[in-house]
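Since the model is a prediction, treat every value here as computed from it, not as a measurement. Below, read A as the first sequence line, B as the second, and so on, with proteins coming before strands; counting in each chain starts at 1.
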There are 2 protein chains.
Amino acid sequence: MAEKPAATAAPHSPPAASTAQEGQAKVKAGVVKMDDIARMAGVSKSTVSRALSGSPLVNEETRVRIQALVESHSYRVDTRAQGLRKGQTRTIAVVIPLLHEHDQPISDPFFLELLGHIADAVADHGYDLLLSKIGPGRASGMTDLVDTGRVDGLIAIGQSTAHLGLEQLAARNLPLVVWGAQLADQHYVTVGSDNRAGAERAVSHLIAQGRRRIVFLGQRSVPEMRLRHDGYVAALEAAGITPDPALDVPTRFASAAALTAMRSLLCGGASFDAVFACSDVIAISAIRALQDQGLTVPEDVAVVGYDDIQMAAFYNPALTTVRQDTATGGRLLVDLLFAQIAGRSARSVMLPTELVVRASSGTVSGTTPPAPR
Amino acid sequence: MAEKPAATAAPHSPPAASTAQEGQAKVKAGVVKMDDIARMAGVSKSTVSRALSGSPLVNEETRVRIQALVESHSYRVDTRAQGLRKGQTRTIAVVIPLLHEHDQPISDPFFLELLGHIADAVADHGYDLLLSKIGPGRASGMTDLVDTGRVDGLIAIGQSTAHLGLEQLAARNLPLVVWGAQLADQHYVTVGSDNRAGAERAVSHLIAQGRRRIVFLGQRSVPEMRLRHDGYVAALEAAGITPDPALDVPTRFASAAALTAMRSLLCGGASFDAVFACSDVIAISAIRALQDQGLTVPEDVAVVGYDDIQMAAFYNPALTTVRQDTATGGRLLVDLLFAQIAGRSARSVMLPTELVVRASSGTVSGTTPPAPR
DNA sequence: CTGAAAGCGCTAACAC
DNA sequence: GTGTTAGCGCTTTCAG
């Protein structure tokens, strides 16, 4: 089979003709290269390159001829080669922590919502998005991503326990933005909600409903959760309530873990009239555990979650929760990363949160239609 | 600042020394290349390349020396250049359909669960995963991904309305696997659950509970949903029930859409005693709509969903649903793709489903603890 | 306006 | 065992 069409003989032949002839033969992708197009157009590779990158140095007629050839042969420039030459990748990595030890899948809907917005924003910049689930000892894996020339920058979702690793990356000056809490001594850029204020408002709301014995459900080893705990304590103290350590229940971010934690609290005979959960997923599991014990929400126990995942409004009872704005969060994450890639400096951003009051905290009747997002 | 250390002078100098000296200077990644390592080791680039790829043709002593240099300078081979030369990318793309017209984020937890498993499997193969949200007219975007040399293969999550586009890709012989329904005339490889059988069992279960007027909630334009509808009809007819078109309610995959659909059904005064929803997210929204009307689930209306997302077990009432095994699904998707990349042929796989009976269909009391996944 | 030439960082024949 | 020589497919000076 003739590999290279002898199209050089008729450089100006109508593209349509060659389409019909060659379309069939091209089974495998990438078969036609810039050189081929150049030869067919009767120009040099350089001219094709220029034409394709919209250089003004190219004759209009030539450009049109090249364009036609490109279309008809559905030629596409190889980004890999282009990137190698230009020293860029046009792709950024999003790193999601393994939620825990085992190769448990990413499971919190909140992450997916955020990821979706990040994906949109990255695409708007014309970049690709590499998704990477990295386990403990994340830092080295993340460094690799850029050292091996696979990505131009990194977005980490959740700092979880990797604070030190992230500091190392920042020290190396790699473009990096992380979704999470803004810590005092930190040198990397974060975007996140005002965890302390959000939690404080949620708990104050509970107190305003007449609740006094409020359970904290969350994992304080994660920075964001620690701040939420701070807010919880602050709200309590502002109301003259002394935090009871017995109501501080450590829980990981999985439904099952939350269920277990709640059950053991119930079995322990603790008395409480409200729960502040560090995520909606945790809140939902907690409610389930409560109901299984014959308790009603919000009558016996009022519950507030965090995140406002889509399902929160549809749960029964509809969940009162602290909304984190994933749309602007995602976009901000990406914008700040591109600022760094462009060599500009970026500052951490703390997003305001909004307390969305629904039925689970005892104020709204359960039959009110949930607010559409 | 001296760009290249004059290390050539002392080729065998202890790596530790140079680390200390240079560690500081290397701010930007990728600064040290294979040539540099070669020079420092006093060998040629090829030898370094060989040593690094574990070729047996390299002297043990040389290899050790090179290894040490590589470590101390934390040199990493550039995958981009490597890929260009070797004609591969070691990355595969996962394409998720924009759920609908607007740039709505990916939102169904089911997708995220599947994505998580795919990510694990891809990583196990040592490949990267490019995440791509592609809108209507997906096919061209997908082709691009491989034509521009960015990925070695494609996984599409959900065929939605892109069947024809996928056929085109398959015709071009691009490595491709799609999560979805196995259609009669299709030339691409799919992995998916047995939608027809799954739905049939779910609906039969409802009938066995004494329900006769069962609503179908889903979007039949999507192949998978059409099959589920077939199963729904089959179950009905097997029981001698004539499907009532009034109970066939088209619904997209979003919570809000499902809520609206259900509400208008209720307003229309239709009479029914059960609902079969095409996804758990739809089921949950439907239950919400029912409850808002003062109806109880499962007493007044029994509800069955599809997917068995994590939250299904925690909903109130706990959701009876058709479980799709995302773990083996994800792994299979990836395995079949790699088979194609390796030039082997692959066959579509239809996974069995499992009906998970919980409270929402009226059989189990609501206080039973949900089965852990 | 266009072409020739020199690489981007790496691997793979092919020599020695 | 190791070095030399060609590229992978593209962009970009530098000369016309």
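Counting heavy atoms from C-beta outward, B/T62 and B/V43 have side chains that approach closer than 4.5 Å. Taking the side chain as every heavy atom from C-beta outward, A/I341 and A/F338 approach each other to under 4.5 Å. Contact check for A/V189 versus A/V349: no side-chain heavy atoms found under the 4.5 Å cut-off. Between B/R150 and A/D128, some side-chain heavy-atom pair lies under the 4.5 Å cut-off.
Look at A/D36 and A/K33 and you find no salt bridge, because none of the NZ, NE, NH1 or NH2 atoms lies under 4.0 Å from a carboxylate O. Here B/R331 does not pair with B/D120 in a salt bridge; the nearest charged N to carboxylate O distance is not below 4.0 Å.
Distances shown here put a side-chain N or O of A/T62 below 4.0 Å from the OP1 or OP2 atom of C/dT2. In terms of phosphate contacts, A/S44 brings no side-chain nitrogen or oxygen within less than 4.0 Å of OP1 or OP2 of C/dT2.
Here C/dG9 presents its P atom at 19 Å from CD of B/Q88, a figure rounded to the nearest Å. We find that CZ of A/R150 is positioned 16 Å from C1' of C/dC10, with the value rounded to whole Å. Atom CZ in B/R90 sits roughly 22 Å away from atom P in D/dC8 (whole-Å rounding).
Checking side-chain atoms of B/T79 against main-chain N and O of A/T148 turns up a donor-acceptor pair under 3.5 Å.
In terms of position along DNA chain D, the nucleotide closest to B/L57 lies nearer the 5' end than the nucleotide closest to the other residue of the pair B/L57 and B/L84.
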* Structure fact -> Protein heavy-atom contacts under 4.0 Å, written 5' to 3' over nucleotides 10-16 of chain D as B (base), S (sugar-phosphate only) or - (none), form the string BBBB---
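With the end axes of the helix from C/dC1-D/dG16 to C/dC16-D/dG1 each set by five pairs, the angle from one to the other reads 40° at 10° resolution.
Under the rule for a side-chain hydrogen bond (donor to acceptor under 3.5 Å, both in side chains), the partners of B/Q186 that lie at least two apart in sequence or sit in another chain are B/T190.
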